[in-house]
A.B. asks: 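Right, I'll just put the structure down here and ask away after.
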Amino acid sequence: MSIDLADLDFWRRPLKERHEAFARLRQLDRPMFFPEKKIPFLRSGAGFYALVRHADVVEASRNAKVFSSEPAVTNPEPPGWVKHVFGESMVNLDDPRHARLRRIVTRSFSPRMLGNLQNDIDAACTRIVDDVVAKGPGDFVGQVAARLPIHVICDMMGIPPQYRAKVHEHVDVSTAYTGVRPSLLRSVALAGQNMLALLALQRLVIKLGHERQREPAGDLVSLLVNANPDGERLTDKELGSFFALLLVAGNETARNTMAHGIKLLTDHPAQRELLLGDFDAHIGGAIEEMVRHVSPIIQFRRTVTEDYELRGLHLKKGDKVVLFYGSANRDESVFPDPDAFDITRDTKPHVGFGGPGPHFCLGANLARQEMRSMFRELFTRLPEIRTVGEPELLLSNFDNSVRTQRFTSGFTS
Ligand code: HEM
């Protein structure tokens, strides 16, 4: 079986085959180079080196001066409109611009601010499970996993109730284009809708920002648009990009981890029993193991800023490297028996939230908090909940997305 990570057909292969391919790549002495394919409407470069070992992903994440996040972290090079929408977004910037944005928004993710959100998160989980009980189980993604993260982001930002339906609608459209492109015509149509939806979201939050400048409320938008003690605040464009980033980074990731997570617990009854036997003792480990095992984000890219030697490989300025988180998370030299799902393993070094370094996931603790509340509510009220059959997965080389997953709750009303 030949392996070509730049070929979209590779990402259509069954998950098991892809894991086997990455296991073979990890055995190579050096990171392998993959020439890029010509994709209509996307600028293609020479290609990229695939960083598939844990140590290599950690080294590149840590050394952000050499492994730059500019001009963008997606691969292949995104079209111009993506840069327009996400251009001022911290994930695509290096210091000092990255550090400035991160400084302004970090306060909103402090343990105190997250603590204030706990009641809201619990109440949202209760409502979601109330609806499952009332309507009966069907699709876990639509009824459970997709509902919580977007709700939490809107609550956090302080999006007023009258704006929420529009936000949901735009987010649904904007995330429809993360998969492998189905056909040229369809991809152009989807990209157009995607861009318009993201721009509409930005306009909406910028309008809200102006309102909050006139009349601050105790929400995140108010904090971001009014000067902090150091006199710093986000510009309109930066606020728009930040909101779009939160919705893209914090929505699908948490939702997909929950959807894959419930399936993993169904497929591994002994692990499920262990968790339900002492939820508080095991839920922390279970969540980290889900993130490791699933690796919701498949890859992010870096561009090399100066000549550099990585594991015997001579990288030149301008070379691209792609960090394959799922492969690093199954590196057998760090995680014994890496394909096994074991909620008691030491997952400390996993890179599902990114490697150690300045871009480490800003929302990691929020995601943990959401998943802990959701699983607690589900297993307390529906202890027989289990998935049925296989999930319908989205074809993607970027995120491990679940479209639908049938489930049963064992609950008879
Ligand atoms: C299981 C859930 C999640 C996973 C697996 C995940 C994964 C990641 C990864 C791999 C990165 C690193 C990007 C890089 O190194 O270039 C990242 C960054 C980021 N994440 Fe998450 N994420 C999750 C949830 C969230 C949530 C809930 C939010 C916020 C609501 C969020 C906001 C962000 C932001 C703003 C960044 C950019 C940080 C920076 O560039 O400084 N994420 N995430």
Side-chain angles (χ1 to χ4, degrees), residues 51 57-64 67-75 86 88-106 108-109 113-114 117 121 145 148-157 159 171 220 224 234 238 241-261 286-303 321-326 328-329 347 350-375 398-402:
L51 305 191
V57 168
V58 167
E59 185 169 343
S61 303
R62 242 191 208 129
N63 195 345
F67 295 94
S68 163
S69 292
E70 295 187 13
V73 287
T74 45
N75 187 56
F86 287 104
E88 301 302 317
S89 163
M90 71 174 90
V91 74
N92 291 324
L93 294 177
D94 294 333
D95 291 347
R97 286 198 296 166
H98 167 263
R100 173 182 162 270
L101 290 177
R102 183 120 183 172
R103 216 166 37 235
I104 298 176
V105 302
T106 289
S108 329
F109 288 81
M113 296 296 270
L114 294 186
L117 275 179
I121 297 177
L148 184 64
I150 184 164
H151 173 91
V152 173
I153 293 169
C154 286
D155 262 9
M156 208 178 167
M157 292 291 279
I159 304 296
V171 168
L220 178 48
L224 299 176
L234 295 189
E238 288 168 346
S241 297
F242 181 61
F243 188 44
L245 174 65
L246 282 192
L247 287 169
V248 172
N251 191 31
E252 293 269 314
T253 46
R255 146 195 163 155
N256 291 327
T257 312
M258 283 187 269
H260 282 291
I287 288 170
E288 297 313 309
E289 177 65 346
M290 285 175 197
V291 175
R292 181 196 74 84
H293 205 275
V294 175
S295 295
I297 304 253
I298 296 174
Q299 54 158 296
F300 269 134
R301 190 241 303 190
R302 298 291 190 262
T303 304
V321 296
V322 173
L323 288 60
F324 285 97
Y325 297 117
N329 277 338
T347 48
H350 85 73
V351 290
F353 288 116
H359 290 278
F360 182 80
C361 178
L362 180 68
N365 284 335
L366 177 62
R368 291 175 174 126
Q369 200 172 331
E370 287 173 7
M371 293 190 271
R372 181 183 282 261
S373 294
M374 196 70 246
F375 283 118
F398 178 67
D399 59 1
N400 275 315
S401 215
V402 186

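As a basis for the values below, the full set of heavy atoms in this structure was taken, side chains included, without hydrogen atoms, waters or symmetry mates. Both counts, for ligands and for their atoms, begin at 1 and track the order of listing.
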A.B. asks: Would you mind listing which atoms of ligand 1 come within a distance below 4.0 Å of any non-hydrogen atom of L245?
C.D. replies: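 Under 4.0 Å from L245, ligand 1 has these atoms: 35 (C).
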A.B. asks: Atom CD1 in I121, atom CG in D155: separation rounded to 0.5 Å?
C.D. replies: 8.5 Å
A.B. asks: Which ligand 1 atoms, with their elements, are less than 4.0 angstrom from a heavy-atom of A367?
C.D. replies: 2 (C), 24 (C)
A.B. asks: Of the listed options (T253, L362, I287), which comes nearest to atom 23 (C) of ligand 1 when hydrogens are ignored and any heavy atom counts?
C.D. replies: T253
A.B. asks: Under 4.0 Å from any heavy atom of G352, which atoms of ligand 1 are there?
C.D. replies: 5 (C), 7 (C), 10 (C)
A.B. asks: Please could you name the atoms of ligand 1 that G354 approaches to less than 4.0 Å, counting only its heavy atoms?
C.D. replies: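 What qualifies from ligand 1 is 9 (C), 10 (C).
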A.B. asks: When you look for heavy atoms under 4.0 Å from ligand 1, do you find them on the side chain of M156, its backbone, both, or neither?
C.D. replies: neither
A.B. asks: What do you reckon, does R302 put a non-hydrogen atom under 4.0 Å from ligand 1?
C.D. replies: yes
A.B. asks: Got an N/O contact under 3.5 Å between H98 and ligand 1?
C.D. replies: yes
A.B. asks: For atom 32 (C) of ligand 1, which candidate among G363, A99, G261, P356 provides the closest heavy atom?
C.D. replies: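 The nearest heavy atom belongs to G363.
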A.B. asks: For atom 29 (C) of ligand 1, which of L246, T74, V73, T257 has the closest heavy atom?
C.D. replies: L246
A.B. asks: Could you identify the single nearest non-hydrogen protein atom to atom 8 (C) of ligand 1 and state the distance to 0.1 Å?
C.D. replies: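 Ranked first by proximity to atom 8 (C) of ligand 1 is C361 CB, 3.8 Å.
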